[in-house]
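The analysis underlying the following values was restricted to heavy atoms, covering all of them including side chains, and did not include hydrogens, waters or symmetry mates. In the text below, chain A, chain B and the rest are named by the order of the sequence lines, each starting its count at 1.
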Amino acid sequence: MTESTSLRFHVPEPEVRPGGTPDFSKVPIPKAGSVERPPVDVDPRAIRDMAYSIIRVLNKEGEAVGPWAGTLSDEELAEGLRHMMTLRSFDARMQMAQRQGKTSFYMQHMGEEAVSCAFRRALEPGDMNFPTYRQAGLLIAGGYPLVEMMNQIYSNEADPLKGRQLPIMYSSKEHGFFSISGNLGTQFVQAVGWAMASAIKNDAKIAAGWIGDGSTAESDFHAALVFASTYRAPVVLNIVNNQWAISTFQGIARGGSGTFAARGLGFGIPALRVDGNDYLAVHAVAKWAVERARKNLGPTLVEYVTYRVGAHSTSDDPSAYRPKTESEAWPLGDPVIRLKNHLIVRGLWSEERHKQTEAEILDTVISAQKEAEKHGTLHAGGKPSARDMFEGVYAEMPPHLRRQRQQAGV
Amino acid sequence: MTESTSLRFHVPEPEVRPGGTPDFSKVPIPKAGSVERPPVDVDPRAIRDMAYSIIRVLNKEGEAVGPWAGTLSDEELAEGLRHMMTLRSFDARMQMAQRQGKTSFYMQHMGEEAVSCAFRRALEPGDMNFPTYRQAGLLIAGGYPLVEMMNQIYSNEADPLKGRQLPIMYSSKEHGFFSISGNLGTQFVQAVGWAMASAIKNDAKIAAGWIGDGSTAESDFHAALVFASTYRAPVVLNIVNNQWAISTFQGIARGGSGTFAARGLGFGIPALRVDGNDYLAVHAVAKWAVERARKNLGPTLVEYVTYRVGAHSTSDDPSAYRPKTESEAWPLGDPVIRLKNHLIVRGLWSEERHKQTEAEILDTVISAQKEAEKHGTLHAGGKPSARDMFEGVYAEMPPHLRRQRQQAGV
Amino acid sequence: MPRMTMIEAIRGAMDVSMERDDNVVVFGEDVGYFGGVFRCTQGLQQKYGKSRCFDAPINELGIVGTAIGMAAYGLKPCVEIQFADYVYPAYDQIVSEAARLRYRSNGGFTCPIVIRMPTGGGIFGGQTHSQSPEALFTHVSGLKVVVPSNPHDAKGLLISAIEDPDPVIFLEPKRLYNGPFDGHHDRPVTAWSKHELGEVPEGHFTVPLGKAVVRKPGADLTILAYGTMVYVAEAAAAETGIDAEIIDLRTLLPLDLDTIVASVKKTGRCVVVHEATLTSGFGAELAALVQENCFFHLEAPVARVAGWDTPYPHAQEWDYFPGPARVGRALTETMEA
Amino acid sequence: MPRMTMIEAIRGAMDVSMERDDNVVVFGEDVGYFGGVFRCTQGLQQKYGKSRCFDAPINELGIVGTAIGMAAYGLKPCVEIQFADYVYPAYDQIVSEAARLRYRSNGGFTCPIVIRMPTGGGIFGGQTHSQSPEALFTHVSGLKVVVPSNPHDAKGLLISAIEDPDPVIFLEPKRLYNGPFDGHHDRPVTAWSKHELGEVPEGHFTVPLGKAVVRKPGADLTILAYGTMVYVAEAAAAETGIDAEIIDLRTLLPLDLDTIVASVKKTGRCVVVHEATLTSGFGAELAALVQENCFFHLEAPVARVAGWDTPYPHAQEWDYFPGPARVGRALTETMEA
Ligand SMILES: Cc1ncc(C[n+]2csc(CCOP(=O)(O)OP(=O)(O)O)c2C)c(N)n1
Ligand SMILES: Cc1ncc(C[n+]2csc(CCOP(=O)(O)OP(=O)(O)O)c2C)c(N)n1
Ligand SMILES: [Mg+2]
Ligand SMILES: [Mg+2]
């Protein structure tokens with residue numbers, strides 16, 4: 001009975017490494033418009049295949065096609081483009097500010113702007129996101145002031161978080177943006193708890209959890225799916241698959257499952273995959289999932305297929321682990337260009353208008369930056385006090401902290 | 001766009017509670033022999049439906065039917081029956097011993113004997129189980145001495161674990177039985193690590209992980225599936241679904257997924273469900289999964305559908321949360337009776353022989369018990385020394401423990 | 001005043017809190033229909049419905065993680081971890097999330113949760129039903145850590161904990177559930193119905209967090225204890241005849257240092273006792289604080305009596321448990337030093 | 001002897017160990033092809049193949065859990081947790097499993113694993129890249145806890161840890177990776193290439209676990225430190241002119257109590273410093289032990305200088321970090337007490 005063959009250890013590897021030629025030809029990309037749009041109360045078992053496909057709306061010609069098209073008005077689309085352009089411009093300025101030593105750390109969204117910007121539009125006031133560090137579009141599309149974001153990034157005297165948090169770890173209850181943790185995955189299950197609370201109170205608010213491809217491996221991901229499945233929590237569980245987790249390609253987290261969306265199948269949770277670089281598709285799927293949650297139909301798992309064009313963070317240099325030109329070979333293109341082209345095809349936009357908007361946005365970002373820098377940057381100008389460091393550990397400062405503050409002489 | 005409907009909180013409930021009439025009519029039980037037996041190198045995606053069915057071999061008439069029949073010889077079947085009867089007899093004696101105050105705690109297997117007893121027969125020497133507290137059949141079917149088990153249960157002077165562990169938390173490397181933890185789930189992922197090690201060393205040994213239906217909710221379950229899927233570890237991942245986790249019915253852990261086996265689908269791991277009260281079916285499926293592992297085809301997830309007839313442990317009284325007669329209504333019957341009937345139908349066994357065997361086994365168990373009790377029971381007779389308590393924390397005793405042992409005066 | 005067990009007192013605290021505040025919800029493994037393996041939540045689901053008291057999947061991370069989300073929403077979850085030994089899967093959610101949420105969001109989000117768990121040994125529970133992990137929480141800024149020693153305090157402290165705006169770890173010495181236990185396992189135990197601290201006010205009342213209490217005034221030596229060890233200390237003092245002042249800390253974080261310092265300055269000697277393993281136990285913090293604050297009043301080193309630095313053994317439970325004899329020896333030695 | 005950074009020394013220790021013993025395997029997040037975010041494993045995959053050094057999914061529980069299984073099989077896994085701040089998801093596997101496996105199986109199964117992780121602050125890493133969780137491990141019987149302070153020790157201790165038959169938590173002060181850091185963030189840092197402790201023997205050598213070392217002999221006062229704080233202590237002693245004896249503990253569990261006691265009995269004064277938050281930090285255990293063992297030799301209370309009891313802040317990093325000024329103040333006060 002014993003097999004004499006000896007076992008072999010298998011470690012998944014990306015197709016190419018630095019020096020090789022990027023090749024995404026094995027990534028199946030369905031035609032735009034080809035994936036059905038089921039009713040929101042569909043039986044999850046009837047749509048299992050959707051976990052292995054990709055919902056797309058914008059075709060190569062820049063047209064919006066198929067059953068998922070048409071969820072946004074012309075004005076909303078133009079505004080959406082502005083949001084993405086603003087996020088990109090913001091990122092560029094803040095990357096530069098970090099290089100100039102104005103802050104310690106930054107993380108950009110290059111290539112992934114559509115995901116958070118379009119998702120935000122599907123929410124209502126009172127809904128709550130539990131974001132990772134790569135969804136600042138939720139704030140920008142939600143109208144959160146750029147200056148406040150910068151104040152946080154600079155840890156300056158006007159920082160709404162009093163210098164306590166790492167740059168970009170924003171928090172705004174009013175803007176439906178839960179305090180970012182920094183520990184991967186932890187907030188996915190908290191989103192489920194928040195949604196459960198809304199159901200317990202018979203309210204109508206829903207939650208959205210966010211997680212990266214790499215972080216789906218974390219235990220909190222499982223906990224979130226278990227609790228969401230059991231209590232049918234009104235939550236949208238978003239996986240942003242940008243192909244990389246720092247230096248680790250998505251195959252290490254995904255293993256033999258084919259897709260990340262497929263993880264939902266074992267929980268009876270509808271699982272959709274969507275072109276994350278297609279603003280229209282992201283919005284349409286978000287709207288579908290949000291509607292399900294709001295109608296008491298329970299959780300939805302959504303995988304956004306996108307690509308992290310930039311470095312992981314300002315501490316990272318991707319040329320050490322992937323070909324420099326990989327992002328250019330990425331088959332789903334650039335979300336800003338794709339929406340821009342769509343608007344041009346529709347006659348709602350032009351190259352000139354785009355350039356002009358770009359310049360306007362840059363002005364806005366620069367003037368916000370100037371405003372923020374009046375309040376200081378990490379190592380210069382106004383900064384939160386050492387006193388602030390002792391506040392807020394508890395609602396009321398206990399005696400031992402008061403003694404320590406005294407000892408610190410602040 | 002906002003739905004005015006208010007959300008409702010959903011908590012799954014079992015069909016009946018104490019006072020109600022047990023009703024399993026909604027549990028679909030496929031006919032014995034009706035589920036296909038794919039080749040071991042089948043593409044997992046081709047057998048997704050098997051996660052929602054139940055592989056069964058023994059039919060109502062006690063015949064072995066279908067493609068999964070025929071993995072065991074007549075002698076092996078008779079021996080299998082003896083193993084299950086021994087486990088049942090052992091359980092009865094030890095339950096009683098606990099009530100007599102000879103030990104602090106016991107957990108029995110009533111109704112689940114086939115799972116561990118039949119699985120053990122599919123393994124080779126050198127393979128390793130990472131069991132929970134409800135797979136003592138692995139030891140009994142593997143020939144581990146009953147006296148040793150009892151010495152451990154009694155925490156007596158001959159206890160191989162020196163009184164350090166809770167009763168029934170056996171450990172035997174020689175018998176391929178990893179030290180039971182007591183913390184649920186933790187060992188599922190350790191099994192995967194053990195299997196990875198075998199592959200790393202190009203050996204031929206495989207591992208088996210064990211977990212209960214309730215414990216699949218734990219994070220370790222997810223970690224195990226992620227690592228097993230990514231590294232294609234040679235491991236059989238066993239879920240024993242005995243319908244209850246203490247007072248909690250399986251619907252709380254399972255949520256909307258339909259079955260526990262379905263959890264494997266999102267990982268690209270073949271997932272099978274099997275009649276856990278059918279010795280022949282358990283063995284056939286175990287053999288299939290073990291062969292896959294040994295042939296470098298990677299992990300298999302197996303759900304054993306069974307029923308916990310007894311209390312969770314000697315600290316539990318199930319009449320507080322489920323109808324007393326629920327186990328009688330359980331549609332998959334009793335594993336001992338079913339194998340006995342099969343052997344009788346086959347002309348290999350008889351009621352008389354069964355009674356006689358029962359008596360023989362009782363004798364064996366009682367004499368083992370007498371032997372064990374010579375070495376003491378928890379509160380009487382020989383016991384491990386207080387000195388033993390300080391040993392084995394580290395390979396070499398560090399100075400602080402030596403000081404403490406001295407202080408203790410032992 | 002009615003007399004009751006600690007289980008009844010704890011249940012009463014949740015009952016009162018759920019009655020007064022719709023936002024209080026209770027969940028955990030087996031706590032719903034069944035009412036918990038120690039029956040602390042018995043009847044709450046029947047009274048308040050399945051939305052307020054329900055069974056959770058066996059995932060401690062998920063129990064605490066969802067509770068944090070609920071608390072951010074505005075609820076006040078009071079969750080049960082079946083045994084303190086099983087809290088570690090939730091450790092990241094407690095340490096990285098619950099404890100720091102207020103701080104890192106500058107008060108934008110808060111986390112008023114209570115995490116209850118039976119703790120301590122003395123029931124032949126072996127390694128996985130006997131641990132006392134309090135020191136793993138007292139090192140975490142942002143948490144409060146409470147250990148009641150009797151039904152009266154258990155109710156009053158638990159109500160305070162539920163009403164507290166910050167996360168509270170609430171450790172229930174399971175050996176005390178049914179009666180005070182003086183460490184003499186071979187003698188019959190008094191029931192709470194025979195003990196004055198079994199007297200518990202009906203309805204709402206609180207025992208404030210952060211306040212210790214002197215259980216027995218004394219002149220010779222101060223014993224710092226909490227939970228089960230309060231009674232062991234009483235027994236040891238009685239047996240040695242040493243006139244010890246016994247302080248029941250009740251809250252470990254934040255600690256009532258003033259009460260401790262006042263007592264040690266008076267007695268000049270101090271013995272700390274706990275069930276948890278010695279090294280890096282909470283006794284280390286107590287000894288460090290006492291010598292820092294009372295150095296020039298001390299006649300002898302602060303002594304610690306604690307569980308040995310081994311996993312909690314099964315058969316050798318009474319060799320492991322810091323009983324009256326061991327505590328008594330430390331008292332005598334400290335008096336003689 | 002070659003001079004090298006602490007990163008190179010740590011890499012060298014793994015290299016030597018993998019070379020000598022086929023059973024040594026190295027894995028963790030980003031440690032394979034890329035060689036780790038701090039590059040501690042750079043080149044190991046290329047040299048030893050993907051079966052011996054590989055990337056892991058982002059699941060710390062799984063990293064430690066599979067390592068335990070591998071160790072039970074007979075391998076010697078040396079795994080990396082990307083930052084000590086991310087070890088909590090693996091806490092249950094470490095505390096309930098790795099630490100107790102030998103004990104509960106009476107030696108039938110053992111767990112020779114090393115869990116490496118960058119620790120400590122001083123790099124503007126905020127709450128989630130700055131923590132010093134050593135005290136959360138020193139309370140756990142069955143673990144060993146090591147904190148090197150220089151390239152020489154880092155290599156020798158890591159080789160010892162890998163060869164040790166029991167689980168070792170190996171905390172690498174990331175502020176020291178490239179050079180000793182005396183706490184003066186506004187001054188240029190010396191590189192290890194300019195420091196004698198940057199001299200590291202080639203090939204195999206060990207520094208034994210459980211042995212402290214006197215970094216600087218002195219007569220007036222004993223400073224107990226480890227990791228980054230060794231250099232802060234040196235700076236504080238130099239600046240105050242106090243003739244302090246500085247002990248670098250190197251291993252926290254098991255602790256080299258003899259070296260500590262001998263020194264304090266000589267000096268009569270003791271200051272303990274660490275980066276971790278004060279309450280229930282490892283300094284509490286040190287202070288408790290010192291007063292227990294040297295009470296009648298002490299001229300002043302044992303003082304502790306530590307991180308404040310708050311989460312690690314970003315902007316206020318240098319207000320939080322226990323720098324030379326704060327340590328110096330404690331030295332002076334202890335001399336004057
Ligand atoms: C618990 C935990 N482990 C490890 C890290 C370190 N870390 C930060 S980001 C990152 C990669 C995350 O990848 P992914 O989830 O794909 O998100 P992405 O960065 O691509 O958006 C890692 C490993 C962390 N922050 N938290
Ligand atoms: C981490 C952890 N949490 C909780 C428990 C308490 N506990 C012991 S058994 C059990 C139920 C387990 O149910 P299941 O997994 O279905 O196994 P079964 O007992 O039915 O075989 C619980 C909650 C534990 N031992 N470990
Ligand atoms: Mg990613
Ligand atoms: Mg079960």
For [X], which atoms come within 4.5 Å of any heavy atom of chain B: side chain, backbone, both, or neither?
X      : result
C:Y312 : backbone
C:R326 : neither
C:E317 : neither
C:F124 : both
C:Q42  : neither
C:L278 : side chain

As an exercise: rank [options] by heavy-atom pairs under 4.5 Å with chain C and give me the winner.
options                       : result
B:P12, B:S385, B:G163, B:G392 : B:G163
B:R254, B:K383, B:Q165        : B:Q165
B:G182, B:S247, B:S104        : B:S247
B:S219, B:A253, B:S181        : B:S219
B:R405, B:M169, B:E13         : B:E13
B:E218, B:Q407, B:H379        : B:E218

Is there a side-chain contact between [X] and [Y] (heavy atoms, below 4.5 Å)?
X      : Y      : result
C:Q127 : B:L166 : no
B:I246 : C:E29  : no
C:P311 : B:V393 : yes
B:V11  : C:D55  : no
C:I58  : B:F221 : no

Is the count of non-hydrogen atoms from other residues, nucleotides or ligands lying under 6.0 Å from [X] atom [atom1] greater than 12?
X      : atom1 : value
B:K324 : NZ    : no
B:R17  : CZ    : yes
B:E396 : CD    : no

Residue pair B:H400 / C:D309: nearest heavy atoms and the distance that separates them: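 In terms of heavy atoms, the two residues are closest at CD2-OD2, 3.3 Å.
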
Pairs of heavy atoms under 4.5 Å with chain B: top-ranked of C:Y86, C:F54, C:W308: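 Of the candidates given, the most pairs with chain B belong to C:W308.
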
Would you give the length of the straight line joining atom [atom1] of [X] to atom [atom2] of [Y], rounded to the nearest 0.5 angstrom?
X      : Y      : atom1 : atom2 : result
C:H314 : B:M389 : NE2   : CE    : 14.0 Å
C:D319 : B:R387 : CG    : CZ    : 13.0 Å
C:D30  : B:T248 : CG    : OG1   : 3.5 Å
C:R52  : B:F9   : CZ    : CZ    : 12.0 Å
C:H129 : B:F105 : NE2   : CZ    : 5.5 Å

Contacting region of [X] [heavy-atom separation from chain C under 4.5 Å]:
X      : answer
B:P18  : both
B:L378 : side chain
B:H10  : neither
B:D316 : side chain

Derivation and outcome, ring pair (Phe, Tyr, Trp, His ring centres under 6.0 Å), residues B:Y321 and C:Y33: CA-CA 7 Å; B:Y321 51 79; C:Y33 183 87; 8.1 Å; no

